Amino acid sequence: MIPLQTLREKPQYVIERLKVKNFEAEEIVNNILSLDEERRKTQKSLDEKLAESNQLAREIGVLFKQGRTAEANEMKVRTSLLKEETRELTEKLTFTEKALDELIVRLPNIPAEQVKSGKSAADNEVVLQEGNIPSLGSDALPHWELAQKYNLISFELGAKVTGAGFPFYIGKGAKLQRALISFFLDEAVAAGFLEFETPLMVNEDSAFATGQLPDKEGQMYHVPVDNLYLIPTAEVPVTNLYRNTVVKHSELPVKLCAYSACFRREAGSYGKDVRGLNRLHQFDKVEIVEIAHPDESFKVLDEMTSHVAGLLRKLELPFRMVRLCGGDMSFTSAITYDFEVYSAAQQKWLEVSSVSNFTDFQANRLKLRFKDESGKIRLAHTLNGSALALPRIVAALLENNQTEDGINVPQALVPYTGFNKIS
RNA sequence: GGAGAGAUGGCCGAGUGGUCGAAGGCGCACGCCUGGAAAGUGUGUAUACGCCAAAAGCGUAUCAAGGGUUCGAAUCCCUUUCUCUCCGCCA
């Protein structure tokens, strides 16, 4: 949620910047401002009535103590009138607040200055590209065939036991998963992130706080008997650790990381983009999360993208970094960089990480604040990024490193896998 | 799952219908004391919203969450959540 304060202070700026996300905000913003005014007026008169009742209650107490029961009872008549008035005002206040809230949650986060407007992924800007794109022979296999050839992953068994999009990893394929998870976690811890292992299900409050509810309700697996949601990313439990908290400015930035399985229903996906590891219902990911001082969050964003780029370099994968245009960015994000690796057999770029600064948008909903140098309590900024999501990394590793006598494992991973070739 | 006990400020803990945002202690901050420190001592120490140009100040709300009784609720009643103890079950 955009803080109400921001809307009061610079409504025109918000309206202008949201156009970058192709969002027409003028009407909503105007309605918000007039509801806000109404809310304050209502609250003022409610507070006055409540003050009056409190005063009367005190006086009645004194009268009873002095045994002046008749006078006390006489005053009680007046309070019942006030009570009716406060009841009505409270209803009005609740109603106005609810209407206000419903409008505010519809506004997406304000794009940062660097973000350009655009309709779709076609308008994204490549800001960095590194590594050599391998030229494979015409007999190069896509990863789903390599997975079968070397018995690393079984999509069929997954479909039998659970359903499409829930693969089994087998033998060296399973070991490779474990190796990547350990490698990513070790790298994150070395970069100063505190490691967490999190619950894989969260309650409704948490899903709301990080913004999965209500918008993305259909994208999460839901367990109705206990009203719990399977996490689509470790961002949800990790960020919720800081729901309703005030941190000291000296503790910033807070750096957290977690490996988790991620569960996504991916309703509506189909076709060749979902072949093999390209899109799964359950996958593994290491996530990094930071809570930053508002003055520092863009510096922190750069550090996070450098961390991700470093991982891809160590894995010797050709990659590019893309700044998303307004139209392709998520609702909550102020700026997002995607990392894509080149998958040589499929001959396309696959997204493996998305690093975003949510500025104070997510923190506002989370009520995640910090006490600044002067003791004032302010909203913090939150950021997160994948570092990294496994399946497409595996796809690219298998495809790009295939040779006639097997698949080479990058040097950085060998200490974790215990083997340097899959054959 | 069954039976019982409980949830109060950063922490511990008092408070069972009135002047309680809440005693006392610890912690923390600042000052005094000291050559310096410890000890001692004094003062201060929640959050949200509103009024106000702003500060000061004032008002309102908040004692797990929500609802109710009452002129008045931390205190009484109901619901939910969580914690602890015992029993059952179990990786």
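All heavy atoms count here, side chains included; hydrogens, waters and symmetry mates do not. Since the model is a prediction, treat every value here as computed from it, not as a measurement. Below, chain A is the first sequence line, B the second, and so on; all start at residue 1.
Evaluation of the ring pair (Phe, Tyr, Trp, His ring centres under 6.0 Å) test over residues 149-177 of chain A, restricted to residues two or more places apart or in two chains, returns A:F166-A:H281.
For A:E74, the CD atom sits in a loose shell: 12 or fewer heavy atoms of surrounding residues, nucleotides or ligands are nearer than 6.0 Å. Counted within 6.0 Å of CD on A:E27, heavy atoms from surrounding residues, nucleotides or ligands total 12 or fewer; the atom is thus considered open.
Comparing the C1' positions of B:U16 and B:A3 gives an interatomic distance of 25 Å, to the nearest angstrom. Using P as the reference atom, B:C49 and B:A55 are 13 Å apart when rounded to the nearest Å. Comparing the P positions of B:G24 and B:G44 gives an interatomic distance of 11 Å, to the nearest angstrom. If you take atom C1' in B:U47 and the same atom in B:G21, they sit 11 Å apart, rounded to whole Å. B:G17 and B:A73 are spaced 14 Å apart, taking the P atom of each and rounding to whole Å. Nucleotides B:G18 and B:C77 have their P atoms positioned 16 Å apart, rounded to a whole Å. Across the P atoms, B:G31 and B:A37 are found 11 Å apart, a figure rounded to whole Å. Nucleotides B:U8 and B:U75 have their C1' atoms positioned 11 Å apart, rounded to a whole Å.
Close approach of RNA chain B to chain A, defined as any atom under 4.0 Å from a non-hydrogen atom of the protein, starts and stops at B:G18 to B:G72.
Salt bridge status for A:E16 with A:K19: present, with a side-chain N to carboxylate O gap under 4.0 Å.
Searching all strands for a Watson-Crick or G-U wobble partner of B:A54 with both distances below 3.5 Å returns nothing. The partner of B:C11 is B:G25, by the rule that a Watson-Crick or G-U pair needs both atom distances under 3.5 Å. Using N1 to N3 plus N6-O4 or O6-N4 for Watson-Crick, or N1-O2 and O6-N3 for G-U wobble, each under 3.5 Å, B:G4 pairs with B:C84. As the counterpart of B:G36, no nucleotide is assigned, since no Watson-Crick or G-U wobble pattern has both distances under 3.5 Å. With both pairing distances under 3.5 Å, B:C20 is matched to nothing as a Watson-Crick or G-U wobble pair. Within the shown strands, nothing qualifies as a pairing partner of B:U70 under the Watson-Crick or G-U definition with both distances less than 3.5 Å. Remark: B:U41 base-pairs with B:G31; criterion is Watson-Crick or G-U wobble with both hydrogen-bond distances under 3.5 Å. Pairing for B:C49 is with B:G59, a Watson-Crick or G-U wobble pair whose two hydrogen-bonding atom distances lie under 3.5 Å.
Within the nucleic acid shown, A:L46 has no heavy atom closer than 4.0 Å to any nucleic acid atom. Among the atoms of the strands shown, only primed sugar atoms or phosphate atoms (P, OP1, OP2) are found under 4.0 Å from some heavy atom of A:N54. Here A:K248 lies out of heavy-atom contact (under 4.0 Å) with every strand.
Using the six-membered ring where Trp is involved, A:F193 and A:H307 have ring planes that are tilted, between 30° and 60° apart.
Under the 6.0 Å distance and 45° angle rule, A:K175 does not count as a cation-pi partner of A:F419.
Mapping A:D47 and A:I377 onto RNA chain B via the closest heavy atom, the residue that lands nearer the 5' end is A:I377. Summary of the strand contacts: A:L50 and A:A57 both lie near RNA chain B, and taking for each the nucleotide with the nearest heavy atom, the more 5' one is attributed to A:A57.
To the nearest 0.5 Å, atoms CZ (A:R39) and CG (A:L4) are separated by 6.5 Å.
Listed by chain and residue number, nothing satisfies the side-chain hydrogen bond (donor to acceptor under 3.5 Å, both in side chains) test with A:K44 (two or more places apart in sequence, or in another chain).
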